[in-house]
Structures are given as structure tokens and as C-alpha cells.
Amino acid sequence: MERRLRDMLVDVLSGLGISAGNIEIEVPKDASHGDFSTPVAMVLSKQLKKSPKMIAEDIKNRISDSNIFDSIEIAGPGFINFRFSKKFIVSQMKELMSGGDRFLTENIGRGKRIQIEFVSANPTGPMHLGHGRGAAVGAALANLLSAAGYSVEKEFYINDAGRQVKMLGHSVFAKYVDELVNKGHSPYDPSWKTGYPFPEDGYRGDYVEELAKEFKDEYGERFVAREFDEVSETVIDFAYRKMLDLIKKDLADFGVHFDTWQSEKEIHEQNEVQQAIDDLRGRGFIYDNDGAVWFKSTEFGDDKDRVVVKNDGDYTYFAPDIAYHRKKILRGFDELIDIWGADHHGYVPRMQAVIQALGHPKDSLKVILVQMVSLLKAGRPVQMSKRAGEFITLREVMDDIGPDTTKFLFLTRRSDSHLEVDIEVAKAQSSENPVYYVQYAHARINSIFAKATENSPQSSAGSRDLTDFNGELFNDEEVKIIKKMLLYPMVFKNAALAREPHRITFYLQEVAGMFHPYYHRHKVVTEDTELTKARLALCYAVKTVLRHGLGILGVTAPEKM
RNA sequence: GCGCCUGUAGCUCAGUUGGAUAGAGCAACUGCCUUCUAAGCAGUGGGCCAGGGGUUCGAAUCCCUUCAGGCGCGCCA
């Protein structure tokens, strides 16, 4: 619907010899201002040195097709308001019904390759709610962009090298030794009776003890008298792999799937970190100073240059990140999207500097920041500390309120707004939750069709063409609902362009908010076969849109509830 | 001290990238199940868009400033 109007306006303006840039088309808040409205005449006023109203008149006079519009009015300071004819609305509705995805979506990606990296939780513990939010947003965004014609790859970056996993291994090792020593199983060194020293910044959750037990089951007493450094590789690998398995399981149960899992360790092993630094050096963005190696990120707007190799010869954490992003670029993606916790926002400039230093435009890396999730329990904030092992996991919440509700919760907010989740409320919400409102509309429609089939099997969906109905029978309320359905392509396109899946969520709530009252007021399946056909068609259109939208969000569209 | 994010109804949040008279959902109160599902419907109340200045035909939206909250500012990861 919006597409048709846009094409028309572009034609008209070029007919008037005006090269219009981006024509704004909007849905007026006030229905008396028509179905669509454009301020384009006002925007052009300065450039053309004519009054907005005169320009609006010129545009209006050039639009000839009266079958499409009931009225075109010039209002206010120069808005042009369009109201579509019922005939056009119905014809569009039929296209929606038969066209499916082709009608609902728009191919704005044209096969461009996008990689979305998200979650990438350190394999040092279970995922918390913040990770869940990232997972929900990333997966929905991937669905959205891939429906919009992009070729999307979803990647999880595994931080399996470096300090964090080492610390996990160390923590597990300490618990492992303790476990054996406490049970008198240490035949080697009596001095350890006091226990193996637990690392200062070690991980302390219950899961660490669990890992220690599993490690003991696997390796017995073999390592009990050793120093951590001697056996670190075995312990670290064992621990983080277990954690990674857990993360994978949680994600799978959450309904989030990845195409690729990139290991940081592998990047080191392939010598890609050094290659990346050499590459940047070759491009003139690396220099040596004070015994360290620096990246000239200030060249691209960062606050200060960043060290990549410390004067003790070790890489900083930043170095493998450079290599990782270089690798992404070398793999030929047209656009990279990173979804990070908002606490990492300080790294955006330096990462974009890397992208530019490697010869790519700044905006070929888009970083979406997902704000932290703060937890409340019955209105009181819950303090969370990963170190102390006190935090609410995604698993707990997901098991309590279900993956659909959890995802919906995360997708009803802009990703960069702070999110408060009250565990008690979220649990209690189980039957008064927005997600059910939307899903229920879908399930209801399904049972209407079941009823229709029961009444008259030969005229049920599937056995006849649902688009065969008389659109003149629609009342005002029905036309309003149909118009709302016809807005889906625009909402979809704008959500994809803005990379903001939450727009779909809000739209779906509005759709359900129109359908439930309608359902209550009007019986769909009646003795009047013609009216029934028309209303079933409307239901089908609503169902089509709900299904598609929920699909983007990664939320199920149940047939029954 | 510097930078980023946020500030909209009692609460949680939208607000179509600068559009016309500011929107939902919870919570509160009042009604509605002999019907294609009451996880629903109908109704009521609720606002200095944190404050101030500016930009223009037009500002919750852009700029400046003040205030409040969060986060980040290492040759830590």
C-alpha cells in the first residue's frame, strides 16, 4: 500500500521536474487525516520557492488514478492526505492473501551478506539474563534481515583463550584438589591438607564445584598432587568445554541457533593475530613506542591510540579482536553487526577504527548495544555478581515463564533502553502477558476456521480459494483492520532498515488489539455464506500477518491455547 | 574530570528517524461467559514529554546548558 503511493509520488515529482530525495510517507495519528499523509510539499517549499499549498496542489492534480483513492486533501500547513478506496483496499488484501511473503516483505537486502555476531558469552559460567536479551535480539534481527533479502550468518565467538577461561580452570582445579584432600585421598603431600589456594578472582558459583566433581569422575586422583600450571591445559579445556555445552543447550532450548562458532583459540593457533598486526603495519597504522606496539586508532576518531602488544611481549585483549574482525572482513561480508552488552560501549570507536584502517567504511560495522537487564524481586533490586556466583540465569527464567514469554519480554523494548525484569511479576504474568494476547489472537482465528470447516467441510480453507469473496460486504471496522494488515510491509521494511525488531512486536500487539474486539462484536461463521466468506478472508489475512510477525520474533504461533 | 546511554501516565515502556490534538500494557475501579476459546470484551481516571534556552512553517524527537540515574574511561579481560 505504502509502496504504491511512494511509486506514484516519485513519478509525479519527476513529472514536475523535481528530483525528490527521500519522500516521507507517514500514517497520521489522527484518522481524520487520511490513511497516509506526506509533508513533501512543505519540505520542497524552500527549494522551489513556492508555497507548500501550491506545490501540494500541483502534486494532487497530477495524480489521476481515481480508482485508488477516495480522496486526496490538502490540509494544515501543506500536508497532502490520502484516503484509499475500499476497492483498492480489498484488491490489496487479496494480494496479501495470495502473495504471502512476497507481499509482506521487501527485498531491501538484495543478497548482501551480513554477519551478525551475538551472545558470545564467555564459557566460564551459565548465561545470565543479559545474554538472553542479546540472544533474543540477535536471533530476531537475523530472522528480520534474512526475510528482507539479506544473506545472514549468525556467529557465536568463543572466548576460549586468555585469562577468563584460565581462571575458570584454576577455580575448578582448586575445588578438585579440595574435594580429594578433604576426603583424605591425597597420598602425596600432607602439607595440602590445608587445601589448595583458591585463586583470588576465581569463579565461585555452585557450577564450579559441579565441574570439579565431574573432573574428578573423569580423571580420578591423577592430578591431585600437581601444580595447576602443569596441568592447566587439560583442566581448562575440560571446564570451558563443559560450560560451552551448557551454553549451547540453553540456547537450543531458548530456540536460538547459530550457523558458526568461531574459536578465539583457533585464531591464535592460525597465527592470525600476528598477521592482522602485520597487515595494519603494512597499511601504516601500527607503530612502536615504549617497547610496546600501538594501533593508531586516533586516526579514525578514537580518543587515544591503543596498545596491541604489551612491552612484555603479550598481546592485549584487543589484538585478537582485531584479528577476529579482520577475519570477518576477509570472509567477504558486506556488513558486520556486533551485538554487545552496553557496558562495552567504550570499545565501539576503536573497533570501527580497525574496520576503517583495513580499508572499509565505518558503517560496515554496526554495533548494537544491548542494555543491561536489571533484576528485581518483588520490587527490590537483586544484586548480581558473577564472581560471587550470585546471578539469575537465563535458564531459570526460561524454565519459569517459558522461552516465548522471555523472548517477547526482551523484544518489547528498544535494545538500548534499560530493562527491568521483576522475577515475581514475570512469573505471575504467566496469564496476563502481552505475548499471550498476540498468540491468542492467532489461536482464536485457528478455531474459527475449525468451526467453519465443521459447519461446511466443502467450503473450508484449503478446499476453496479464500480470496473469492465480496469485499463490498466489509463494514468500517473491517476496513480499518484490513488497512492495518496492509501496513505490515511498511512496518517490516522500516524495522529491517533500522535493524530494530521490536517494531514488529509493537505492531503485532496493535493488530491483536484490533482483532479481539472485532471477534467479540462480530460472529464470523454465520448462516450468511457470502458474509462468512468475506469474514473468513479477513481472518486469514490477520492470521497471515500474525504468523509472519511472530516468526520474525522467534515466538511460536500456536494453533491452540 | 572526560565520553556514551537513559529521563514520556502510579509502574514498565512505545512514539513511524522533524509532522497535525501525546500512545499502549500493567496496576486501580465498574460491568460482560447458554455464542467461532473470558489468556477475551466494554467503560472510567491518569501528563509541565526532567528543568531552561535555541534552531524553523512545526520539537518528546535536532543543538546548547543544568539536574538526576546507569555505564565506560589501563601496556586488565
Side-chain angles (χ1 to χ4, degrees), chain A residues 22 24-30 32-33 37-39 42-43 45-46 51-52 75-79 81 122 159 162-164 166-167 201 289-294 303-304 306-312 314-318 321 341-349 369 371-372 374 379 409 412-414 416-422 425 429-441 443-452 454-455 487 490-491 494-495 497-498 500 502-503 505-507 509-510 512-513 515-526 532 535-536 539 560-561:
Chain A
N22 189 27
E24 271 182 74
I25 295 178
E26 57 201 36
V27 180
K29 280 175 245 173
D30 186 338
S32 71
H33 294 142
S37 175
T38 178
M42 290 182 288
V43 175
S45 169
K46 205 171 267 180
S51 82
F79 291 101
N81 298 336
N122 275 340
N159 292 104
R163 237 182 98 79
Q164 301 303 323
K166 185 173 179 187
M167 188 58 77
D201 292 319
N289 190 28
D290 291 339
V293 180
W294 298 71
D303 295 338
K304 53 182 98 167
R306 307 291 170 176
V307 171
V308 291
V309 183
K310 298 185 275 181
N311 59 17
D312 66 5
D314 283 351
Y315 294 124
T316 61
Y317 76 96
F318 184 42
D321 281 347
D343 52 337
H344 292 91
H345 70 257
Y347 308 114
V348 177
L369 297 173
Q371 276 291 354
M372 316 237 92
S374 42
L409 193 70
T412 40
R413 271 104 175 152
R414 262 184 16 240
D416 60 349
S417 72
H418 297 94
L419 170 60
E420 281 188 6
V421 175
D422 190 312
V425 174
Q429 253 184 351
S430 55
S431 69
E432 284 186 21
N433 192 289
V435 70
Y436 294 108
Y437 189 68
V438 176
Q439 289 180 318
Y440 188 42
R444 260 189 164 165
I445 290 172
N446 204 57
S447 72
I448 291 172
F449 275 101
K451 178 73 179 178
E454 185 190 313
N455 278 15
L487 287 180
M490 184 181 78
V491 173
N494 288 338
L497 284 173
E500 289 181 351
H502 78 273
R503 296 186 187 208
T505 319
F506 279 88
Y507 170 85
Q509 293 187 80
E510 287 165 13
F515 182 76
H516 287 304
Y518 171 76
Y519 171 90
H520 189 256
R521 274 195 285 270
H522 304 283
K523 206 153 159 52
V524 174
V525 182
T526 61
T532 301
R535 288 183 171 171
L536 279 176
C539 287
K560 249 188 206 168
M561 284 176 76

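All figures in this text were calculated on a predicted structure; none of them were measured in a lab. In what follows, chains are A, B, ... by sequence order, proteins preceding strands, each numbered from 1.
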From [atom1] of [X] over to [atom2] of [N], roughly how many Å is that when rounded to an integer?
{"X": "A/Q509", "N": "B/A24", "atom1": "CD", "atom2": "P", "result": "12 Å"}
{"X": "A/E420", "N": "B/G7", "atom1": "CD", "atom2": "P", "result": "13 Å"}
{"X": "A/E26", "N": "B/U17", "atom1": "CD", "atom2": "C1'", "result": "11 Å"}
{"X": "A/H502", "N": "B/U16", "atom1": "NE2", "atom2": "C1'", "result": "10 Å"}
{"X": "A/E454", "N": "B/C36", "atom1": "CD", "atom2": "P", "result": "9 Å"}
{"X": "A/L369", "N": "B/C4", "atom1": "CG", "atom2": "C1'", "result": "9 Å"}
{"X": "A/Y507", "N": "B/C13", "atom1": "OH", "atom2": "P", "result": "25 Å"}

When we call it a touch if two heavy atoms are under 4.0 Å apart, what does [X] touch: a base, just sugar-phosphate, or nothing?
{"X": "A/L419", "value": "sugar-phosphate"}
{"X": "A/S417", "value": "sugar-phosphate"}
{"X": "A/T412", "value": "sugar-phosphate"}
{"X": "A/F79", "value": "base"}
{"X": "A/A443", "value": "base"}
{"X": "A/A441", "value": "nothing"}

Taking the side chain as every heavy atom from C-beta outward, state whether A/E510 and A/L487 have any pair of such atoms under 4.5 Å apart.
no
Closest to the [X] side chain, choosing from [options]:
{"X": "A/H418", "options": "B/U16, B/A14, B/U6", "result": "B/U6"}
{"X": "A/V27", "options": "B/G19, B/C36, B/U16", "result": "B/U16"}
{"X": "A/E24", "options": "B/G19, B/U21, B/C13", "result": "B/G19"}
{"X": "A/A75", "options": "B/A14, B/G19, B/A20", "result": "B/A20"}
{"X": "A/K523", "options": "B/A14, B/C57, B/U35", "result": "B/U35"}

Ignoring hydrogens and geometry, is there a side-chain-to-backbone donor-acceptor pair from A/H516 to A/Y437 under 3.5 Å?
yes
Not counting sequence neighbours, which residues clear side chain to side chain donor-acceptor pair (under 3.5 Å) with A/D314? List them please.
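Partners of A/D314 under the side chain to side chain donor-acceptor pair (under 3.5 Å) test: none.
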Taking only residues two or more places apart in sequence or in another chain, which ones pass salt bridge (charged side-chain N to carboxylate O under 4.0 Å, His left out) with A/D303?
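With neighbours one apart ignored, the set is empty.
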Qualifying residues under salt bridge (charged side-chain N to carboxylate O under 4.0 Å, His left out), relative to A/E500, sequence neighbours excluded
A/R503
Taking atom P in both B/U65 and B/A22, compute the distance separating them and give it to the nearest angstrom.
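Comparing P positions in B/U65 and B/A22 gives a spacing of 29 Å.
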Quantified in whole Å, what is the C1' atom distance between nucleotide B/C2 and nucleotide B/U8?
29 Å
Under 3.5 Å, which N/O atoms of the protein pair with N/O atoms of nucleotides 39-42 of chain B?
| residue | atom | partner | partner atom | Å |
| --- | --- | --- | --- | --- |
| B/G40 | O2' | A/R444 | NH1 | 2.8 |
| B/G40 | O2' | A/R444 | NH2 | 3.4 |
| B/C41 | OP1 | A/Y437 | OH | 2.6 |
| B/C41 | O2' | A/H520 | ND1 | 2.7 |

Residues that [X] engages under ring-ring contact (aromatic ring centres under 6.0 Å, His included), provided they are two or more places apart:
{"X": "A/H344", "result": "A/Y347"}
{"X": "A/H520", "result": "none"}
{"X": "A/Y315", "result": "none"}
{"X": "A/Y507", "result": "A/Y488"}

Of A/V525 and A/H33, the one whose closest RNA chain B nucleotide lies more 5'
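That would be A/H33.
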Within 45° of the six-membered ring axis of A/Y519 and under 6.0 Å from that ring's centre, is NZ or CZ of A/R444 located there?
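The answer is yes; both the distance and angle limits are met.
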B/S/- contact track for nucleotides 71-77 of chain B, protein heavy atom under 4.0 Å:
BSSSBBB
